[in-house]
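Each remark here refers to the structure printed beneath this line.
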Amino acid sequence: MIKIMLSDSITQVKGVGEKFAEDLATLNVHTIEDLLAYFPYRYDVFEIKPLGELIHEDKVTIEGKVVYDPSLTFYGKNKSRLSFTVEVENVAIKAVMFNRAFAKKQIKSGDTITLTGKWDAHRLQITVSIYKLGSADNQATIQPMYSVKGDISTAKLKKMIQNAIKNYAHEIIELLPTSYLEAYKLPGRQEAIKTMHFPANRVSLKHARRRFTYEEFLLFQLKMQLLRKMKREATQGNTQHYNPDKIKDFMNLLPFDLTNAQQKSLNQILSDMNSPYRMNRLLQGDVGSGKTAVAAICLYATITAGKQGALMVPTEILAEQHYQSLTDLFGEKANIVLLTGSVKGKKRKELDASIENHDVNIVVGTHALIQDDVLFDDLGFVIVDEQHRFGVKQRRRLRDKGLNPDVLFMTATPIPRTLAITAFGDMDVSVIDEMPKGRKEIETYWTKENTFERVLRFIKKQISFGEQAYVICPLIEESDKLDIQDAVDLYNQLQEFYADEIEIGLMHGRLPTEEKENVMKQFAANDIQVLVSTTVVEVGVDVPNATIMVIYDAERFGLSQLHQLRGRVGRGDKQSYCILIADPKGEVGKERMRIMTETANGFELSEQDLKLRGPGDFFGKKQSGIPEFKVADMIHDYRALETARNDAQEIIEKNMLEEKEEFYQLQQYFENNSFFTDKLD
Ligand code: ADP
Ligand code: MG
């Protein structure tokens with residue numbers, strides 16, 4: 001006899017014909033294994049409650065004793081109605097069941113029966129959808145719900161799964177090592193699969209789900225760790241022999257001491273630079289947490305190792321600012337240049353030449369950095385700021401300008417830890433989760449539009465103390481003329497309100513670069529007190545004297561964007577304010593405003609955002625790198641995710657897949673799956 005394998009077609013399962021197999025294929029179920037793993041998408045659990053607690057028209061479960069044999073009536077064409085009376089808590093309840101004539105033979109006077117169905121409190125009647133002879137297990141009945149479509153009925157699907165389990169469950173291979181099952185008290189794979197489809201009670205279902213949650217997370221995390229290891233081994237890397245004493249001297253010249261979080265991140269980065277592997281690290285930290293300061297020290301380290309560094313940022317304004325602050329920090333210690341699209345002609349040629357002959361140590365720039373004519377002599381260290389603004393190709397092109405340079409990605413969008421270890425699982429992550437000392441928390445208020453004049457008076461008062469304000473209005477697309485019109489209108493309104501007392505500037509993406517720069521310079525010099533702007537100021541702009549951030553139509557922004565905007569103020573030592581003008585219609589929108597007023601910490605806020613939006617939406621429409629888990633839920637099961645992450649790290653670090661007997665099946669699993677071909681860029 002030919003041995004049937006789980007990887008064989010579902011037509012091997014008793015009762016599955018060609019037609020049904022075709023239908024199942026539309027659910028992506030092709031093999032016996034697929035069918036066994038086609039888990040219910042949810043379970044309806046009906047708990048037996050006292051009659052007094054049942055709610056009219058709810059789906060409820062009751063348990064009682066059948067008082068008379070059921071009576072069956074037929075009507076219409078092939079339609080039937082079975083009715084009987086059950087006694088529950090000494091009350092006679094009427095039960096009706098449609099089109100299940102066969103049940104008449106099963107239900108007998110005197111039997112105990114559990115009924116689930118729609119409750120009619122006025123008539124003391126239940127319209128039964130599920131019945132079960134005997135008492136309910138553990139006071140609850142569990143109804144698995146499958147997602148089905150087309151001609152597939154849940155009943156048939158269940159029957160086929162039952163057949164598959166009966167005949168092939170013994171073929172199911174355990175993937176997890178026994179010691180893990182024991183340590184985490186997880187059921188074996190066979191048993192857990194059975195339970196997922198036919199849960200005997202809630203406790204066993206919980207454990208089966210726990211098992212698959214862990215399994216899914218572990219497989220994914222192992223994949224990421226393997227990928228990380230392969231990436232490391234596939235590249236030569238470059239060991240940067242920097243000069244620790246010089247770095248120390250450099251740090252001593254900084255006007256501040258690093259926070260603990262900065263120091264820790266710095267150590268991680270320096271140790272990567274010094275290792276034979278190519279660094280692939282993400283540095284996360286709230287706006288103003290001091291990422292750029294850390295980056296500067298690392299750039300200096302590269303210089304002491306005799307190499308060049310590059311910092312790529314998404315906008316010209318930001319490039320300009322980074323250039324300024326780095327030049328201030330480095331003084332004579334480095335030759336830093338700014339490379340943007342505005343540098344053209346002869347000047348550009350000279351710049352290119354000085355980069356190529358290593359006259360230049362550090363290049364700060366926009367996308368202009370990755371153009372073909374930009375060649376480095378010895379690029380050792382690459383930093384990509386606001387990494388999510390660049391595509392994979394752009395990041396790779398910058399990296400390819402050196403010989404396996406170390407790469408540091410920076411982001412000021414705090415990413416919840418669970419998402420970070422999932423979406424960036426193949427990277428190393430450093431986190432600056434602490435603000436420099438002495439920063440005052442920004443006071444955040446939420447108000448409706450009709451208080452706009454009050455807000456303007458408040459701005460005026462603060463300006464009389466020498467402070468400055470941003471007024472932001474939404475811009476969804478930079479090309480959207482209407483939105484620019486909003487900014488212009490707002491600008492005109494403010495002009496009118498403040499007459500000649502206050503200088504107001506206008507900034508939006510459509511302005512020519514020179515004009516943008518000019519406006520920014522005027523704002524930085526306090527020649528302009530109020531800057532009306534679209535979100536072009538979102539990223540990185542640093543004017544410490546600005547203490548007020550007013551965000552118009554704030555409900556049109558996401559939480560993390562609001563937080564980014566808020567981060568434009570609170571940069572100096574004065575008390576800063578963020579005023580959200582919003583009239584959100586939905587509950588989620590209102591919740592967002594509330595969270596903004598209550599939460600200052602970006603990481604905390606991102607966790608809340610994740611809860612509001614769900615993992616799929618967190619990164620917006622862009623490809624997020626977040627897999628779809630069947631059973632596991634990243635938010636709800638974050639502890640299991642962390643456990644799986646740690647286990648995966650240990651397994652790969654200690655080479656356990658190859659070296660330990662009980663990991664054989666896992667090793668085979670990865671051996672047989674070609675996950676990685678497309679991932680090794
Ligand atoms: P980020 O890049 O994370 O937004 P920056 O590195 O630009 O933050 O730092 C924000 C401001 O705080 C800068 O003016 C910087 O000089 C200052 N700063 C950075 N680190 C510290 C620190 N440890 N103590 C005090 N001030 C700091
Ligand atoms: Mg920065």
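Note that ligands are numbered from 1 as they come in the structure, with each ligand's atoms numbered from 1 the same way. Since this is a predicted model, take the numbers as computed values, not measurements.
- Using a 4.0 Å cut-off between heavy atoms, Lys437 makes no contact with ligand 1 at all.
- The two residues Gln268 and Val429 make their nearest non-hydrogen contact at OE1-O, 4.4 Å.
- Here the closest heavy-atom approach between residue Ser289 and residue Ile432 is recorded as O-CG2, 3.6 Å.
- By the criterion of a heavy-atom distance under 4.0 Å, the side chain of Arg571, and not its backbone, is placed next to ligand 1.
- Judged purely by distance below 3.5 Å, without hydrogens or angles, the side chains of Glu316 and Ser342 pair a donor atom with an acceptor atom.
- On a distance-only criterion, Phe256 and ligand 1 share no N/O pair closer than 3.5 Å.
- Residue Gly290 approaches ligand 1 through these ligand atoms, each under 4.0 Å from one of its heavy atoms: 1 (P), 3 (O), 5 (P), 6 (O), 8 (O), 9 (O), 19 (C).
- Rounding to the nearest 0.5 Å places CE of Met520 at 8.0 Å from OG of Ser533.
- Between Pro436 and ligand 1, no pair of N/O atoms sits closer than 3.5 Å.
- Salt bridge status for Glu591 with Arg594: present, with a side-chain N to carboxylate O gap under 4.0 Å.
- At least one heavy atom of Gly288 sits less than 4.0 Å from an atom of ligand 1.
- Heavy atoms of Gln263 found under 4.0 angstrom from ligand 1: none, in either backbone or side chain.
- The backbone of Leu258, and not its side chain, has at least one atom closer than 4.0 Å to an atom of ligand 1 (non-hydrogen atoms only; backbone = N, CA, C, O).
- The closest approach between Met435 and ligand 1 stays at or above 4.0 Å for every heavy atom of the residue.
- At a 4.0 Å heavy-atom cut-off, ligand 1 touches Asp286 through the backbone alone.
- Near Thr259, meaning under 4.0 Å from any of its heavy atoms, are these atoms of ligand 1: 23 (N).
- The shortest heavy-atom distance from Ser289 to ligand 1 is under 4.0 Å.
- Distance check, rounded to the nearest 0.5 Å: CD of Glu443 to CD of Glu441 gives 9.0 Å.
- Here Asp257 has backbone heavy atoms under 4.0 Å from ligand 1, and that is the only part of it that gets that close.
- With sequence neighbours excluded, the residues forming a side-chain contact (heavy atoms from CB on, under 4.5 Å) with Glu356 are Leu375, listed by chain and number.
- Atoms of ligand 1 lying under 4.0 Å from at least one heavy atom of Arg439, given by number and element, are 10 (C), 11 (C), 12 (O), 17 (C).
- For Asn238 (side chain) and Asn404 (main-chain N/O), a donor-acceptor pair under 3.5 Å exists by modelled atom type.
- With sequence neighbours excluded, the residues satisfying side-chain contact (heavy atoms from CB on, under 4.5 Å) with Ala301 are Tyr242, Ile247, Leu270, Met273.
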